[in-house]
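One structure below.
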Amino acid sequence: MMLTTDIKDAIQRRRMIDVLLSGQLHADLVLKGGYIINVITREIYPGDVAIKGDRILLVGEADKLIGPSTVVEDMRGKFISPGFIDSHMHFESAMLTVTEFSKLSIPTGTTTLVADPHEIGNVLGVPGMKAMIEEAKTLPNRVLFTVPCLTPDVPGLETAGADIGSKDMQELLNDDHVQGIGELQGFSNVHPVYRNAPYLIDDLLASVSYAKAIGKSIEGNAPGLFGQELAAHIICGGGHISCHETTTKEEMMEKLRYGVSVFMREGSSQRNMAECIRAITEEGMDSRRAILVSDDMVPEDLLKHGHMNDIIRRTIAVGIDPVEAIQMATINPATHFGFQDIGVLAPGKKADIAVISDLTNMTIAEVYISGAKVASDGELTREIPSYIYPDSVKKSVKRKPVKLADLQLSAEGAQGTVRVRVIEVIPDQNLTGSGIYTAAVKDGVVQPSVENDLLPLLVVERHGRSGKIGKTFVRGMKLKAGAIAESVAHDTHNIIVTGTNYADMVTAVNRVIAMDGGIAMIEGGKVVGDLPLRIGGLMTDELTGKEMSARIAELHRLAREELGCTLHVPFMHLSFLSLVTSPAWKITDVGLIDADAFTVLPPLA
């Protein structure tokens, strides 16, 4: 059935043909005398880009298309590239609205964002995701969503604020701003799910089948999977999936051989590109299915270093040709998703363009979206109004304040010491280690040890559903004083807390509850620093992107100077210690989880 948009598109294309062939009509805009980055042929050569309306007329010699009303931009010495695509990211990880994230992202050359809203989906379900999608529709950049088809990812081992399944797919997937189904975390732990929760596979397959039937994409999530397990995951995803959890060269090679689009993650706390890229630089593998993504970024990094331009720069620095690196953020993702009108510079495509003044350092001079200049020299040239969320997605914390006895890890009857199971932080990864260590006991309570970097780690359910508190210990958070609590705790986003003493941990949790979500740092019973996140306990519409960047930078400084925490981006690292779909041990409101075995472990060994 032909839609009104199809008719308008045909009329526009006819007008473009008239401009090209009549000799009487002209381009609206010509980017003149630059170097074309051709991601189709992997070439750089001199040329112009002529634009009519929101589309490209011609790439090449455009003198004949310049008329008295044509705007001509001097591109001499500059490189003209397709706008960049971030194929997998979460606005919630930046704690910003879609609008404020976009304000920081657009000037860096990123013109398309494919976001996975499963964080807000875990807290608020379909209404929360729809609120985010509605915001995206107000923006000049292209923002698409890959929605979760399952929350929580591991039913029975964690408690989400809302349960999503195949029953919700028709309502979500038929929105034009929904690209498809997001990361299939519910089948990341292949054998444990197959053995213990086979009904999940059936529900995932129902969602995937519906998505495929209406032409939507499906994204995978396959950390550490090889052979039969990887094959099963790919089949569950309908045969064409991505994976952004690839952390070794060997994984990269196997997934490329299986036809998986490997989303090489290079965010603020998880950086896997340099290891993945070895499959290309050392083994000579084809890079067509190698795609650069950010996954999780803090505003401070966006503002200081950039977005996809910074990730491309890092990729060039490890030995990849600049045009090949740009392919990984343009034509490669466009091919993966089946985007027909972006990702390349060619006639009839959308005029989403990044102009680069320094190719090696990926310095962005100008950005055009749909043929209009939106940024120059790192600043927006188009005003984008702030966006305020409805009250319906706020006030998501439904937990009464906790008491000291609620958080203490009891070891009644123990004399002197006990052996405790401990989650070990792996810097710049969401993978964790596991270990068993000796801890002191006093008055029947297992004690923290700052000297041994052995601290209590708890998750307090905050959705008003289970009321549970999971308890264990952690090494690697590198706190010397006080406590940190936050309502950002992947993926079900209960309140996660760690600290050097239980009293400060109680105060930190209660501060998060009082703020209706957010981050709290406590030392000596006093608030060292905090950040309210009232949208689902994950995001704020009270700060701009630049204000949030400054606030997060200040919180990081306070964590270092007041709490003695030397771990890079500690709040993000802490938030991933509850990601139960990622090996090896994690903590949820249900307790300490062996992610590989799909079981709850007692914290005392």
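As the structure is a computational prediction, the values presented were derived from the model and not from experiment. In this chain, numbering begins with 1 at the start of the sequence shown.
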- Assess the pair H307 and F101: is the distance between their ring centroids shorter than 6.0 Å? yes
- Query: Are side-chain heavy atoms of M252 and M285 found at a separation under 4.5 Å?
  - Reply: no
- Determine the minimum heavy-atom distance between V208 and C236, stating which atoms define it. CG2-O, 3.4 Å
- Expected output: side-chain K212 to main-chain G238 donor-acceptor under 3.5 Å: yes
- Message: Donor-acceptor pair, distance only, cut-off 3.5 Å: does the side chain of D203 make one with the backbone of G165?
- Response: no
- OG of S287 to CE of M328, rounded to nearest 0.5 Å, is 4.5 Å
- Query: Given the rule in the side chain to side chain contact (heavy atoms under 4.5 Å, CB included) test, do I37 and I80 qualify, once you have shown the distances and angles that lead to the verdict?
  - Reply: CA-CA 6 Å; I37 294 179; I80 306 172; over 6 Å; no
- Message: Rounded to the nearest 0.5 Å, what separates atom CD in E283 from atom CD1 in I277?
- Response: 13.0 Å
- Query: Can S294 and D86 be counted as having a side-chain donor-acceptor contact under 3.5 angstrom?
  - Reply: yes
- L184 and C149: CA distance, side-chain angles, deciding distance, side chain to side chain contact (heavy atoms under 4.5 Å, CB included) verdict: CA-CA 8 Å; L184 292 179; C149 62; 3.7 Å; yes
- Take atom CZ in F339; do more than 12 heavy atoms of anything else shown fall under 6.0 Å from it? yes
- Compare all side-chain heavy atoms of Q179 with those of F145 and state whether any distance is below 4.5 angstrom. no
- Query: Between E266 and N272, is any side-chain donor less than 3.5 angstrom from a side-chain acceptor?
  - Reply: no
- Query: Taking the side chain from Q12 and the backbone from D9, do they hold a donor-acceptor pair closer than 3.5 Å?
  - Reply: no
- Item | Nearest-0.5 Å distance, CZ of residue F576 to CE of residue M572 | 6.0 Å
- Do the non-hydrogen side-chain atoms of K349 and R55 ever get within less than 4.5 Å of each other? no
- T111 versus N141, side-chain donor and acceptor atoms under 3.5 Å: no
- Considering all heavy atoms, the nearest L230-E254 contact: CD2-CG, 3.7 Å
- Message: Contact between D18 and L21 at the side-chain level, heavy atoms closer than 4.5 Å - yes or no?
- Response: no
- Message: Testing the 3.5 Å rule here: is there a donor-acceptor pair between the side chains of S93 and D296?
- Response: yes
- Message: So which atom in S87 and which in V293 form the shortest heavy-atom distance, rounded to 0.1 Å?
- Response: CB-CG1, 3.8 Å
- Task: Assess whether side chain to side chain contact (heavy atoms under 4.5 Å, CB included) is satisfied between S261 and H240, documenting all intermediate values.
- Result: CA-CA 8 Å; S261 294; H240 175 59; 4.0 Å; yes
- Message: Rounded at 0.5 Å granularity, tell me how far CG in L96 sits from OG in S549.
- Response: 9.0 Å
- Message: Is any side-chain heavy atom of L20 closer than 4.5 Å to one of L57?
- Response: yes
- Item | Residue pair F337 / T112, side-chain heavy-atom distance below 4.5 Å | no
- Pair E43-T41, side-chain donor/acceptor within less than 3.5 Å: yes
- Sequence neighbours left out, what passes side chain to side chain donor-acceptor pair (under 3.5 Å) with R278? Give chain and number order. E275, E282
- Task: Determine the sole option in D54, D352, I353, L139 for which the side-chain contact (heavy atoms from CB on, under 4.5 Å) test with I369 is passed.
- Result: D352
- Task: Kindly indicate, with the supporting measurements, whether the criterion side chain to side chain contact (heavy atoms under 4.5 Å, CB included) is fulfilled by I85 and T110.
- Result: CA-CA 6 Å; I85 302 167; T110 303; over 6 Å; no
- Item | Whether R313 side chain and H305 backbone form a donor-acceptor pair below 3.5 Å | yes
- Query: If you take all heavy atoms of D116 and E92, which pair is closest and at what distance?
  - Reply: O-OE1, 3.9 Å
- Task: Run the numbers on T97 and D541 for side chain to side chain donor-acceptor pair (under 3.5 Å), then give the verdict.
- Result: CA-CA 6 Å; T97 62; D541 54 10; over 6 Å; no
- Query: Any Lys/Arg nitrogen of D341 or R142 sitting under 4.0 Å from an Asp/Glu carboxylate oxygen of the other?
  - Reply: yes
- Message: Could you tell me if T99 and E135 have a donor-acceptor pair between their side chains, going purely by distance under 3.5 Å?
- Response: yes
- Item | From CG (L104) to CG (L303), nearest 0.5 Å | 6.0 Å
- Item | Salt-bridge contact E251-K255 (side-chain N to carboxylate O under 4.0 Å) | yes
- Query: Would a distance-only check, ignoring hydrogens and angles, find a side-chain to backbone donor-acceptor pair under 3.5 Å from E245 to A222?
  - Reply: no
- Query: Would you say D176 has more than 12 foreign heavy atoms packed within less than 6.0 Å of its CG?
  - Reply: no
- Would you call Q170 and N174 a side-chain contact if the rule is heavy atoms closer than 4.5 Å? yes
- Message: Looking at K216 and I181, would you say the former's side chain and the latter's main chain have a donor-acceptor pair under 3.5 Å?
- Response: no
- Message: Do H336 and F263 have side chains that approach each other closer than 4.5 Å (heavy atoms only, starting at C-beta)?
- Response: yes
- Query: So, does K52 use its side chain to make a donor-acceptor pair with the main chain of R15 at under 3.5 Å?
  - Reply: no
- L65 and A50: which non-hydrogen atoms are nearest, and at how many Å? CD1-CB, 3.8 Å
- Message: Please evaluate residues K304 and E300 with respect to the criterion salt bridge (charged side-chain N to carboxylate O under 4.0 Å, His left out), reporting the C-alpha separation (whole Å), side-chain torsions for both, the decisive distance (0.1 Å), and the verdict.
- Response: CA-CA 6 Å; K304 282 186 177 180; E300 185 181 3; 3.2 Å; yes
- Message: Please check: side-chain N/O of D28 versus main-chain N/O of G53, any donor-acceptor pairing under 3.5 Å?
- Response: yes
- Query: Between E73 and L31, is there a donor-acceptor pair closer than 3.5 Å when you use the side chain of the first and the backbone of the second?
  - Reply: no
- Message: Less than 4.0 angstrom from a charged side-chain N to a carboxylate O is my criterion; do E183 and R265 meet it?
- Response: no
- Query: What closest approach, in Å, do I51 and G371 show between heavy atoms, and which atom pair accounts for it?
  - Reply: CG2-CA, 4.0 Å
- NZ/K546: more than 12 non-hydrogen atoms of other groups inside 6.0 Å: no
- Sidechain-backbone polar pair: T70 side chain, A27 backbone, donor-acceptor under 3.5 Å: yes
- Are E219 and H88 close enough that a side-chain donor and a side-chain acceptor fall under 3.5 Å? no
- Message: Quick check on K137: does its NZ atom have over 12 non-hydrogen neighbours (other residues, nucleotides or ligands) under 6.0 Å away?
- Response: yes
- Look up atom CZ in R289 and atom SG in C243, then write down how far apart they are to the nearest 0.5 Å. 13.5 Å
- Item | Ion pair check, D428 and R271, cut-off under 4.0 Å | no
- If we ignore angles and hydrogens, is there a donor and acceptor under 3.5 Å between the side chains of N122 and T151? no
